[in-house]
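A short write-up of the structure that comes next.
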Amino acid sequence: MQQIMPPSVEYRLTPAGQIFIEPIEMLYTWAIDHTADLDALAAQQAAGVTAQTAEAGEDP
């Protein structure tokens, strides 16, 4: 039985795509630095509490 190899494919960003690397990395770093805040927000949203409601001390 002859082994069949799939064609080789190389991917790379276009010059326009290269422009997005820095802001994407900045967003990633921000998200890592604010993971606890984002997790707390997600938990509030899952519980049906919005940020405005939580800040105002109101029940959802």
**Message:** Once rounded to the nearest 0.5 Å, what's the spacing between atom CG of L13 and atom CD1 of I21?
**Reply:** 5.0 Å
**Asked** Hey, what do you get for CG (L38) to CD1 (I32), rounding to the nearest 0.5 Å?
**Response** 9.5 Å
**Asked** Within a radius of less than 6.0 Å around CD of E22, do more than 12 heavy atoms belonging to other residues, nucleotides or ligands occur?
**Response** no
**Prompt:** What's the shortest heavy-atom distance between F20 and A16, and which atoms?
**Reply:** CD1-O, 3.5 Å
**Heavy-atom side-chain contact between Y28 and D33 under 4.5 Å** = no
